[in-house]
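Residue numbering restarts at 1 for every chain, and letters A, B, ... go by the order of the sequence lines.
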Amino acid sequence: MKKRIIFGLLAVFFLGLLVRTWKLTEYPVSLSMDEVSIGYNAYSILRTGKDEHGASLPLAFKSVGDYKPPVDIYLTSVSMAIFGMNEFAVRFPVALIGALSIVVLVALVRLLGLSWTASLFSGFWLAILPWHIHFSRASFEAITALFFLLAGSVIFILWVKKRRLIYSISSAALFSLSVWTYHAERVFVPLLVISLFWIFKDQINLKNGKTKKQALFFLITTLIFAIPFLRLLFFTPAIKERALSTSIIREQSLANFLHRGDYKNLVEYIFDNDSYLIFRHWLGKYLNYYDFRLWFWKGMQFTPPEYQGVGFLYVVDLPLFLFGLYALTQSKNKKLKSLALFWFLAGPLSASLTMNEQHPLRALVWIPFFGITLASGVDFISKKLKLTKPALIYIVLALFNFVYFTDIYIKQFPRYYSEYWQYGYKQIALYACENKDNHDDIFVSESFGTKSDITGLPHLYLLFYCKYDPAEYLIDPSIDNIKIKRPYWIEDQYEYKNSLFIAAPWDFPIEDVPEQAIIKKLEFVNNEPSFIFVDTGKLVF
Amino acid sequence: MIMKLFGLYNKHKNKHSLILLILILSPVVWSLLFQPISVISEVVKAPQYIKTNISSIFASSNLRHVEEMRWNAFGEEKNELLSTIFYNKVGVLFNKFFDLFSMLSPRLFFQSGDGTQFSPTGIEPVASVLIIFWFLGIYQLLKQKKYKTLYLIPVAALPAFVAGQRNIVFLFPLLILYLHIVIVGMRDSLKKIKSKNRVIVILLIYGLFIIGRWLLL
């Protein structure tokens with residue numbers, strides 16, 4: 001039995017690792033802005049001990065418009081020390097952590113009292129879950145935070161069961177690391193910890209001296225992690241800036257109606273109060289997450305709204321999910337029920353407090369609820385029925401869904417959305433670095449896109465792909481003769497004689513540029529033109 | 001006095017009093033009652049809506065999306081077997097089928113409304129605070145194995161689904177069912193709450209607030 005469990009665990013882990021690392025640098029099609037930012041800052045930390053802005057071993061990394069949490073950047077530094085400064089080194093740590101999360105989820109489900117079959121099923125389910133695969137592959141901090149969160153919960157339950165001081169301290173440390181890793185956990189983790197203490201209050205029994213001491217150590221560990229966090233919160237813009245920049249209050253559909261204290265009369269003050277408007281707006285966003293279409297059909301936004309797509313979960317999970325809900329309500333395991341209920345209600349809370357509707361990344365913290373529910377469904381079925389036939393049917397349909405997801409992910413998604421992954425800046429950076437000596441100046445535009453005018457961060461791609469020495473960049477924050485600038489063609493063609501302009505065709509516009517001056521053209525994955533390279537040295541006046 | 005009037009002062013055995021309370025907290029019901037002619041005219045249009053909806057399922061725009069995805073899928077050849085298996089009219093039907101699920105979302109009833117004249121402007125069709133009892137009601141129905149109500153949920157959304165109209169008139173059966181679920185949740189939870197009168201007063205004040213908001217703004 002033990003051997004079979006270990007084999008099962010290894011099988012789901014390696015399956016998860018395989019789907020998270022297969023052609024890791026090719027899908028998603030390009031490093032995102034966040035990924036190159038993490039990558040270059042990690043490189044800078046590795047080489048100089050400072051971030052790109054010169055701060056020594058910072059706890060919050062200044063970025064464009066906000067601050068990045070530190071954990072993933074330091075993990076990427078370690079990865080770069082092993083694999084070198086490349087795309088794989090940026091993406092691998094989160095992909096590995098994503099695969100490790102599978103093992104931790106199995107442990108959590110098992111510790112909550114479900115069978116090994118159900119627990120291993122939850123691991124298999126997470127291994128092939130589109131919601132988790134995508135964000136694991138694209139180096140999103142939310143995956144690392146979820147891992148710490150799950151591990152913290154597992155160790156917490158172990159502490160409740162075994163009463164060892166090391167578990168108490170480790171659990172607090174893991175929960176705290178989760179808060180340090182991603183923004184959504186800043187709201188969710190405190191609620192989860194309070195709920196865990198409430199759910200397991202009978203077993204924790206704080207009247208017992210030994211438990212009391214261990215709980216005190218839990219608190220002390222939390223404080224050790226919390227003090228620098230609170231310092232950042234109250235004395236720097238690092239935490240506040242992010243909260244403000246993503247808050248629902250900034251959303252136009254709400255902001256336009258807020259009075260901000262300027263009420264015309266008492267009736268307006270009572271019946272159109274800002275508190276009510278904010279509450280109602282928030283509730284709409286919160287309830288928006290309780291949508292089967294989002295969960296099972298369209299949540300991942302890999303395709304445009306009117307096309308068929310992929311949900312957070314597979315369609316095949318729907319009947320099992322309903323079984324799971326039923327099993328949970330009938331379960332006599334109060335702790336399992338309470339924790340599932342908490343996760344069900346609190347899962348989308350952080351996401352609903354921010355801008356954007358139905359945000360799959362910010363709702364990632366919700367995954368354990370679905371895992372627990374589906375595992376409960378399997379547990380229920382396996383006790384009532386012979387499992388062989390339903391299991392076979394599920395596996396066949398899940399594989400069918402997986403093939404469908406794979407096609408959507410590697411063929412359809414890049415085609416529809418490559419530009420939102422800053423596709424093209426890598427090629428631009430490599431070309432610019434290789435050819436910088438052939439031109440007086442190279443100008444790269446930060447504006448591009450076919451569907452809308454997107455503002456990118458080309459300087460980060462240049463720093464990353466040119467492997468620009470961070471020590472030099474700290475002394476002089478420029479990249480040789482490569483500059484970030486949109487073309488103003490009417491004047492630039494005369495002013496910069498032997499220069500290279502790289503920008504979207506519409507930014508010149510292309511009709512005004514003589515054909516002989518266009519030395520290179522780039523396209524997005526859907527074959528739409530993305531950038532043209534215009535050499536002013538080839539112009540004939 | 002108010003609570004005596006509603007028969008809510010003591011134990012909540014009186015189902016009718018709860019229904020009355022729920023109706024006060026559901027401006028959408030009053031909104032529908034005040035516009036009988038518009039409601040009837042919507043119902044009269046139902047056959048036309050159904051016809052248009054059914055004929056639009058395999059409309060050329062939808063099939064074009066399938067073609068487009070098929071073209072881009074798997075191999076380079078357009079009509080490769082795998083592409084045909086995964087991208088076809090079944091996908092269009094699934095897309096349509098999930099419209100039914102999205103109509104079940106409580107958001108439409110407890111927060112946003114349907115955007116038509118039938119949803120009272122600027123307020124929620126059913127008081128937002130009742131969503132708590134809706135969740136509790138669903139939980140109670142599952143716990144007590146009263147599945148009939150739960151099975152009826154997708155059935156109640158069928159008129160709106162078939163007509164292809166996210167409209168309170170066609171979603172009225174679902175509205176009634178959801179209000180019933182709220183009553184189930186309310187009845188059960190009020191039994192367990194010691195300060196139930198305080199809860200009812202809060203609900204009544206909220207009811208007055210949204211009615212005031214509806215009438216005065």
Visitor: Less than 4.5 Å apart, side chain to side chain, heavy atoms only: is that true for B:Phe101 and A:Phe296?
Guide: no
Visitor: Taking the side chain as every heavy atom from C-beta outward, state whether A:Tyr286 and B:Gln111 have any atom pair closer than 4.5 Å.
Guide: no
Visitor: Heavy-atom distances under 4.5 Å only: say whether A:Leu277 touches chain B with side chain, backbone, both or neither.
Guide: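 Just the side chain, heavy atoms under 4.5 Å.
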Visitor: With only heavy atoms counted, which part of B:Phe97 is less than 4.5 Å from chain A, the side chain, the backbone, both or neither?
Guide: neither
Visitor: For B:Asn95 and A:Arg293, test the side chains for any donor-to-acceptor distance below 3.5 angstrom and give the result as yes or no.
Guide: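 Yes - a donor-acceptor pair under 3.5 Å links their side chains.
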Visitor: Considering all heavy atoms of both residues, which atom of B:Ser105 and which atom of A:Leu287 are nearest to each other, and what is their separation?
Guide: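 In terms of heavy atoms, the two residues are closest at OG-O, 4.2 Å.
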Visitor: Counting only non-hydrogen atoms closer than 4.5 Å, does A:Lys264 touch chain B with its backbone (N, CA, C, O), its side chain (CB onward), both, or neither?
Guide: neither
Visitor: Identify which of A:His281, A:Glu268, A:Glu306 forms the greatest number of heavy-atom pairs closer than 4.5 Å to chain B.
Guide: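 Top count of heavy-atom pairs under 4.5 Å with chain B: A:Glu306.
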Visitor: Would you say OH of A:Tyr269 has more than 12 non-hydrogen atoms from neighbouring residues, nucleotides or ligands within 6.0 angstrom?
Guide: no
Visitor: Are the ring centres of A:Phe405 and B:Phe86 closer than 6.0 Å?
Guide: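 Not close enough - the centres of the two rings lie 6.0 Å or further apart.
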Visitor: Which bit of A:Asp272 is near chain B, if near means a heavy-atom gap under 4.5 Å: side chain, backbone, both or neither?
Guide: both
Visitor: So what's closer than 4.5 Å to chain B heavy atoms on A:Thr303: side chain, backbone, both or neither?
Guide: side chain
Visitor: Please state whether the side chain, the backbone, both or neither of B:Leu141 comes within less than 4.5 Å of a heavy atom of chain A.
Guide: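 Looking at B:Leu141, nothing touches chain A.
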Visitor: Atom CG in A:Leu325, atom CD1 in B:Ile138: separation rounded to 0.5 Å?
Guide: 9.5 Å
Visitor: Distance from A:Lys285 atom NZ to B:Ser112 atom OG, nearest 0.5 Å?
Guide: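 Here the interatomic distance stands at 13.0 Å.
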Visitor: Answer with side chain, backbone, both or neither: which region of A:Leu322 has an atom nearer than 4.5 Å to a non-hydrogen atom of chain B?
Guide: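 It is neither, since no heavy atom gets under 4.5 Å.
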Visitor: Does atom NZ of A:Lys201 have more than 12 heavy-atom neighbours from other groups under 6.0 Å away?
Guide: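 Correct, the count exceeds 12.
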Visitor: By a 4.5 Å heavy-atom criterion (distance strictly below it), what part of B:Asn62 contacts chain A: side chain, backbone, both, or neither?
Guide: neither
Visitor: So, do A:Gln308 and B:Tyr87 sit near enough that their side-chain heavy atoms are less than 4.5 Å apart?
Guide: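 Sidechains of B:Tyr87 and A:Gln308: in contact.
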Visitor: If I take atom CG from residue A:Leu294 and atom OG from residue B:Ser102, how far apart are they, to the nearest 0.5 angstrom?
Guide: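 Nearest 0.5 Å value for the CG-OG distance: 10.5 Å.
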Visitor: Please check if the number of heavy atoms outside A:Phe302 that lie under 6.0 Å from its CZ is greater than 12.
Guide: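 Above 12, so yes.
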Visitor: Can you tell me if OH on A:Tyr263 sees more than 12 non-hydrogen neighbours from other groups inside 6.0 Å?
Guide: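 Enclosed.
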Visitor: So, taking the atom named CG in B:Leu82 and the one named CG in A:Asp407, what distance separates them when rounded to the nearest 0.5 Å?
Guide: 8.5 Å
Visitor: For A:Tyr276 and B:Ile123, which heavy atoms make the closest approach, and how far apart are they?
Guide: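 Shortest heavy-atom contact: OH-CA, 4.0 Å.
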Visitor: Checking B:Ser128 against chain A: side chain, backbone, both or neither under 4.5 Å from a heavy atom?
Guide: both
Visitor: Taking NZ, NE, NH1 and NH2 as the nitrogens, is one of them in B:Glu68 or A:Arg415 under 4.0 Å from a carboxylate oxygen of the other?
Guide: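 Yes, this pair counts.
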Visitor: With respect to chain A, which residue among B:Leu142, B:Asn72, B:Val66 yields the maximal number of heavy-atom pairs within a distance under 4.5 Å?
Guide: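 Top count of heavy-atom pairs under 4.5 Å with chain A: B:Asn72.
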Visitor: Could you look at B:Leu108 and say if it's the side chain, the backbone, both or neither that has a heavy atom under 4.5 Å from chain A?
Guide: neither
Visitor: Given heavy-atom pairs under 4.5 angstrom as the criterion, report whether the side chain, backbone, both or neither of A:Phe257 touches chain B.
Guide: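 The answer is neither part of A:Phe257.
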Visitor: Checking B:Phe109 against chain A: side chain, backbone, both or neither under 4.5 Å from a heavy atom?
Guide: neither
Visitor: Could you tell me the separation between the CZ atom of B:Arg213 and the CG atom of A:Asn273, rounded to the nearest 0.5 Å?
Guide: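 Reported value, rounded in 0.5 Å steps: 10.0 Å.
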Visitor: Do A:Ile410 and B:Phe74 come within less than 4.5 Å of each other through their side chains, counting heavy atoms only?
Guide: no
Visitor: Taking all atoms of both residues into account, what is the closest heavy-atom pair of A:Gln412 and B:Met69, and its distance?
Guide: NE2-O, 2.8 Å
Visitor: Please state whether the side chain, the backbone, both or neither of A:Gln330 comes within less than 4.5 Å of a heavy atom of chain B.
Guide: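 Only the side chain of A:Gln330 comes within 4.5 Å of chain B.
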Visitor: Heavy-atom pairs under 4.5 Å with chain B: which of A:Val315, A:Asn288, A:Val267, A:Ile270 has the most?
Guide: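 Most heavy-atom pairs within the cutoff with chain B belong to A:Asn288.
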Visitor: Is there a donor-acceptor pair closer than 3.5 Å between any side-chain N or O of B:Arg107 and the backbone N or O of A:Tyr290?
Guide: no
Visitor: Please check if the distance between the ring centroids of A:Phe271 and B:Phe209 is under 6.0 Å.
Guide: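 When the ring centroids of A:Phe271 and B:Phe209 are compared, they turn out to be within the sub-6.0 Å range.
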Visitor: Taking the side chain as every heavy atom from C-beta outward, state whether A:Thr329 and B:Tyr139 have any pair of such atoms under 4.5 Å apart.
Guide: yes
